[in-house]
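All values reported here derive from a predicted model rather than from experimental measurement.
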Amino acid sequence: MTGWNASDIPDQSGRTAVVTGANSGIGYITARELARKGAHVVLACRSEERGTAALDRLCSEVPGAQAEFEQLDLGDLSSVRKFAGARGSGERLDLLINNAGVMALPLGRTADGFETQFGVNHLGHFALTGLLLPRLLDTPGARVVSVSSMFHVLSDIDIADLNSERRYRRWIAYGRSKTANLLFIHELARKLAARGSDVVAASAHPGYASTNLATQGVRMEGRKAVEQVVELGNRVIAQPAEAGALPTLYAATAPGVRADSFTGPSLMMWRGAPAKSWRAGRTLDDVAGERLWAASEQLTGVTF
């Protein structure tokens, strides 16, 4: 992986990729670089206005790009089902990049009543992956990549209180959702191996990348001073979004990526070229993965 960058992405001609949250940040960079290498990219975004603007920007930066926008609200399972249903039964799907997410928001609920961070970051992507899995299984060499975070270290999941109904602490809830991302991929990889599938399920994280993710919560609450501090950190300390997207792009395209691998920046999980990343041991717990999987199927109504 030493020095791996976007120029090392193999040719993606003839391949189709769905990237959630592709209107900004590392999601946009991921979609753009896949399109630059010839992939047909679907920008799956909640906001039609921001999604179409991102599509226009991408097409201007990558002349001749094969790209389209399609609306997807991961906080609404009816939207997830509609999006998945629009993918034709014979349509190939080589890459599903579960990138979209929210971080450290005030307590809220999705359209289906789930705590927002757990609902969007985990359950929405769990349902999306399950509904698109037939397309992935029918496409040789397909991959699923979920974007987690180094902040998964903040908390294990609480299987008895997945929706934070007893107590809500925004950063703990965020950490739980990112632990759930890793446990989901761990269990998905086990299930794919058991059926002899060549679909690769892997995870990645961007380290500290300069995106608007960190300002979402404080902006919603009108905490201007905190927002300014976060924006200063983005400018001075964080690596650019282009660098933050590299672990995702590596996990999605590099030859030899192993199932259930976790790729992040090389320098203390903070910044640098893609490298194998440390992860909490609880994210490799088979029993925890099975329990989360069963609960997620029950909550979403999506069975794999």
| request: Evaluate whether atom CZ of R291 has more than 12 neighbouring non-hydrogen atoms of other residues, nucleotides or ligands under 6.0 angstrom away. | output: no
| message | Would you compute the distance between atom CD of Q66 and atom NE2 of H40 and round it to the nearest 0.5 angstrom? | response | 6.5 Å
| query | Do L96 and L128 come within less than 4.5 Å of each other through their side chains, counting heavy atoms only? | reply | yes
| E290, CD: over 12 other non-hydrogen atoms inside 6.0 angstrom | yes
| request: Kindly work out whether a path of hydrophobic side-chain contacts (I/L/V/M/F/W/Y, heavy atoms less than 4.5 Å apart) joins V19 to V257. | output: yes
| Charged N to carboxylate O under 4.0 angstrom, D76 versus K82? | no
| L137 with L131, same ILVMFWY side-chain cluster at under 4.5 Å | yes
| said: Just verifying a value: how many Å separate I26 CD1 and L249 CG, rounded to the nearest 0.5 Å? | reply: 9.0 Å
| In Å, rounded to the nearest 0.5 Å, how long is the span from OG of S47 to CG of L72? | 12.5 Å
| message | Is the shortest side-chain heavy-atom distance between L284 and F262 below 4.5 Å? | response | no
| query | Is a donor on one side and an acceptor on the other found under 3.5 Å between the side chain of Y250 and the backbone of A275? | reply | no
| task | Is it possible for you to say whether W4 and V145 belong to one hydrophobic cluster, with membership spreading through side-chain heavy-atom contacts below 4.5 Å? | result | yes
| said: Counting neighbours of CZ on R109 that are heavy atoms of other residues, nucleotides or ligands and sit closer than 6.0 Å, is the number greater than 12? | reply: yes
| query | Do S296 and F184 have side-chain heavy atoms sitting under 4.5 Å apart? | reply | no
| message | Under the rule for side-chain hydrogen bond (donor to acceptor under 3.5 Å, both in side chains), what residues qualify as partners of E187, not counting sequence neighbours? | response | R190, K191
| query | Using 30° and 60° as the class limits, which term best fits the ring planes of W171 and F151: parallel, tilted or perpendicular? | reply | tilted
| said: When you compare the side chains of S277 and H205, does any donor N or O come within less than 3.5 Å of an acceptor on the partner? | reply: yes
| task | Starting at CG of L55, measure out to SG of C59 and round the result to the nearest 0.5 Å. | result | 4.5 Å
| field | R143 CZ: over 12 foreign heavy atoms closer than 6.0 Å | value | yes
| task | Please determine, by modelled atom types, if N121 and S177 share a side-chain donor-acceptor pair under 3.5 angstrom. | result | yes
| query | Is the side chain of N99 donor-acceptor paired with the backbone N or O of G21 at a distance under 3.5 Å, no angle test? | reply | yes
| Looking at L95, T16, I97, L34, which hits side chain to side chain contact (heavy atoms under 4.5 Å, CB included) with V41? | L34
| said: Any donor-acceptor pair under 3.5 Å linking the side-chain atoms of H186 with those of D286? | reply: yes
| field | Check: S7 main-chain N/O paired with N5 side-chain donor or acceptor under 3.5 Å | value | yes
| Option among Q117, R170, R169, E115 that satisfies the side chain to side chain contact (heavy atoms under 4.5 Å, CB included) test with L107 | E115
| query | Would you say W278 and V153 make side-chain contact, with heavy atoms under 4.5 Å? | reply | yes
| task | Would you check if there is a donor-acceptor pair between the side chains of T20 and H125 at a distance under 3.5 Å? | result | yes
| Non-neighbouring partners of T253 that pass side-chain hydrogen bond (donor to acceptor under 3.5 Å, both in side chains), sequence neighbours left out | none
| field | D56 (side chain) donor-acceptor with A53 (main chain) under 3.5 angstrom | value | no
| Can you tell me how far NZ of K178 sits from CD1 of I157, rounded to the nearest 0.5 angstrom? | 14.5 Å
| Going only through I, L, V, M, F, W and Y residues with side-chain contacts under 4.5 Å, is there a path from I185 to F304? | yes
| Would you say the ring centroid of F126 lies under 6.0 angstrom from that of F118? | no
| task | Using distance alone, with no hydrogens and no angle criterion, decide if N98 and T129 have a side-chain donor and acceptor under 3.5 Å apart. | result | yes
| said: Could you tell me if the side chain of L188 sits less than 4.5 Å from the side chain of W293, heavy atoms only? | reply: yes
| query | I172 and L105: same hydrophobic cluster, using ILVMFWY side-chain contacts below 4.5 Å? | reply | no
| query | What's the spacing between E33 CD and I9 CD1 if we round to 0.5 Å? | reply | 5.5 Å
